Amino acid sequence: MHATVLEWYALHARDLPWRRPEASPWSVLVSELMLQQTPVARVLPVHAAWLERWPTPAALAAATTGDAVRAWGRLGYPRRALRLHAAATAITTTHGGEVPQAYETLLTLPGVGDYTAAAVASFAYGRRHVVLDTNVRRVIARAVGGVEHPARSVTRAERDRAAALLPGVEADGSSDAATWNVGLMELGALVCTAASPACDRCPLVDRCAWVAAGRPAYDGPPRVAQTWAGTDRQCRGRLMAVLRDADGPVPISALEAAWAGAEQRERCLRSLVDDGLLAQVGPSTYALPTD
DNA sequence: CATACGTGGAC
DNA sequence: TGTCCAAGTAT
């Protein structure tokens with residue numbers, strides 16, 4: 001299975017900026033934060049502009065959080081911009097300006113959880129870690145587990161299975177683990193997709209347990225649908241869009257025009273200020289934060 | 001462990 | 001056209 005995936009990746013990998021040999025660990029870290037729940041196509045232009053403007057953690061740490069939020073644009077989940085800024089600050093003040101290499105150290109950075117810590121350690125530094133993202137989980141669930149979708153949350157058995165599949169260390173100390181990780185991710189992103197897997201283009205089709213079983217439909221607990229219309233998330237998004245698109249502070253009237261329901265609007269306004277995404281700069285004026 | 005958290009493209 | 005989904009994290 002290893003050689004098959006590695007060969008397929010060598011032939012079909014997309015040329016992404018954060019995968020190039022010259023990509024810095026900072027570029028990798030920025031890409032990983034941006035890619036959390038966000039498609040590659042939308043990340044590409046924002047990532048390029050971000051690295052151009054803030055080529056190092058120290059450069060971002062010197063900017064305001066408001067600048068980071070505005071540069072985040074419409075990637076969604078703007079708290080990630082705040083976390084990335086906070087991570088850059090921590091890297092600058094307590095890690096000598098260099099993105100940490102150790103998984104455990106990476107894990108202490110804001111916005112960096114198990115997946116991102118393993119991904120940065122693996123992709124930026126070549127360290128051997130199990131990288132369990134939604135793509136890897138799905139490929140393993142199908143190819144090895146024989147089911148269409150993995151469980152809602154990562155189980156111990158699932159992690160053990162992924163660890164067992166991870167390429168080992170060669171006699172010379174090298175390992176294919178990092179390429180294996182990104183290869184499995186790429187396979188899940190391009191071929192073994194959630195809704196319409198292209199098994200006719202899959203290098204693992206002949207040994208896939210799910211295909212062998214006749215591609216049985218998912219029969220686990222119902223996967224919760226994301227609601228959107230009328231939620232606080234939609235309201236917060238509307239309010240943030242007003243601030244992002246403005247040159248400076250905006251009057252409360254502009255925010256009132258963006259969301260009709262007063263009670264919900266005020267609750268969301270409070271939560272955005274509480275999160276540090278907005279600042280009240282006058283009795284009836286709001287702005288992106290300047291700290 | 002379930003839930004909140006943005007946004008827009010695909011089918 | 002509405003539903004599903006995208007390299008998760010924090011609480």
Side-chain angles (χ1 to χ4, degrees), chain A residues 9 13-14 16-19 23 27-47 69 72-84 86-87 106-124 129-139 148-156 178 181-190 192-198 218 221-245 258-259 264 267-268 271-272 274-278:
Chain A
Y9 181 73
R14 290 167 292 180
L16 303 174
W18 46 86
R19 285 183 184 164
S27 174
V28 174
L29 177 62
V30 170
S31 78
E32 291 302 341
L33 266 290
M34 290 183 172
L35 286 163
Q36 290 169 3
Q37 298 285 284
T38 307
V40 166
R42 217 149 6 118
V43 166
L44 282 169
V46 183
H47 178 269
V69 169
W72 196 256
R74 295 185 297 189
L75 285 182
Y77 293 147
R79 290 187 298 184
R80 291 183 293 166
L82 254 26
R83 293 175 185 149
L84 183 51
L106 287 161
L107 213 46
T108 68
L109 298 174
V112 177
D114 170 68
Y115 161 76
T116 303
V120 172
S122 180
F123 304 147
H129 284 280
V130 172
V131 175
L132 266 189
D133 82 318
T134 187
N135 290 304
V136 173
R137 296 188 62 210
R138 187 174 53 250
V139 172
E148 184 179 18
H149 296 296
R152 186 113 67 112
S153 54
V154 178
T155 63
R156 177 57 190 272
N181 286 330
V182 73
L184 232 42
M185 287 175 65
E186 192 76 336
L187 190 58
L190 300 182
C192 192
T193 61
S196 53
Y218 176 76
R223 305 154 83 206
V224 289
Q226 304 175 12
T227 56
W228 176 246
T231 60
D232 282 6
R233 285 158 80 182
Q234 184 187 27
C235 180
R236 285 165 55 104
R238 288 265 187 86
L239 298 175
M240 288 305 297
V242 172
L243 272 294
R244 267 202 316 271
D245 298 341
W259 193 267
Q264 187 175 23
R267 176 175 69 248
C268 290
S271 74
L272 288 169
D274 196 52
D275 287 346
L277 284 165
L278 287 187

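Every chain is numbered from 1, with letters handed out A, B, ... down the list of sequences. Not measured: the values here are computed from a predicted model.
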Please work out if [X] contacts a base, only the sugar-phosphate, or nothing of the nucleic acid, heavy-atom cut-off 4.0 Å.
X	answer
A/Arg14	base
A/Ala119	nothing
A/Thr231	nothing
A/Leu33	nothing
A/Trp72	nothing
A/Leu132	nothing
A/Gln226	base

Grab the [atom1]-[atom2] distance between [X] and [N] for me, whole Å please.
X	N	atom1	atom2	value
A/Leu184	C/dA7	CG	P	12 Å
A/His129	C/dA7	NE2	C1'	17 Å
A/Gln37	B/dC5	CD	P	14 Å
A/Arg238	B/dT7	CZ	P	10 Å
A/Gln234	C/dG2	CD	P	14 Å
A/Asp232	B/dT3	CG	C1'	13 Å
A/Met34	B/dT7	CE	C1'	15 Å
A/Arg19	C/dA7	CZ	P	11 Å

Is the phosphate of [N], meaning OP1 or OP2, less than 4.0 Å from a side-chain N or O of [X]?
X	N	value
A/Arg80	C/dA7	no
A/Arg74	B/dG9	no
A/Arg236	B/dG6	yes

Worksheet, complete the sentence: Of all heavy-atom pairs linking A/Ser271 and A/Arg236, the shortest is OG-NH1, 2.8 Å
Worksheet item: Any idea which heavy atoms bring A/Val43 and A/Met34 closest together, and the distance?
Response: CG2-O, 3.4 Å
Mind listing the N/O atom pairs, protein and nucleotides 9-11 of chain C, below 3.5 Å?
unit_1 : atom_1 : unit_2   : atom_2 : d
C/dT9  : OP1    : A/Gly113 : N      : 2.8
C/dT9  : OP1    : A/Gly113 : O      : 3.4
C/dT9  : OP1    : A/Thr116 : N      : 3.0
C/dT9  : OP1    : A/Thr116 : OG1    : 2.7
C/dT9  : OP2    : A/Tyr115 : N      : 3.3
C/dA10 : OP1    : A/Gly111 : N      : 2.7

In the structure I gave you, are the side-chain heavy atoms of [X] and [Y] within less than 4.5 Å of one another anywhere?
X	Y	answer
A/Arg74	A/Val46	no
A/His47	A/Leu35	no
A/Val30	A/Trp18	no

Item to complete: Begin from the C-alpha positions of A/Leu82 and A/Val69 and carry the test side chain to side chain contact (heavy atoms under 4.5 Å, CB included) through to its verdict.
Response: CA-CA 7 Å; A/Leu82 254 26; A/Val69 169; 3.6 Å; yes
Kindly point out which of [options] is positioned nearest to the side chain of [X]?
X	options	answer
A/Arg223	C/dC5, B/dT3, C/dA6	C/dC5
A/Arg138	B/dT7, C/dA7, C/dC4	C/dA7
A/Arg233	B/dT7, B/dC5, C/dA7	B/dC5

Discussion item. Distance criterion of 3.5 Å, no angle test: do you see the side chain of A/Thr38 paired donor-to-acceptor with the base of B/dG6?
Written reply: yes
Check whether [X] reaches the backbone of [Y] with its side chain - one donor and one acceptor, N or O, closer than 3.5 Å.
X	Y	value
A/Glu32	A/Val28	no
A/His129	A/Val120	no
A/Arg80	A/Gln36	yes

Discussion item. Distance check, C1' atoms only: C/dC4 and B/dG6, in whole angstrom units.
Written reply: 15 Å
Worksheet item: What integer number of Å spans the P atoms of C/dA7 and B/dT3?
Response: 22 Å
Response to the item:
Assert: residue with more 5' nearest nucleotide on DNA chain B, out of A/Tyr77 and A/Ser196, is A/Tyr77
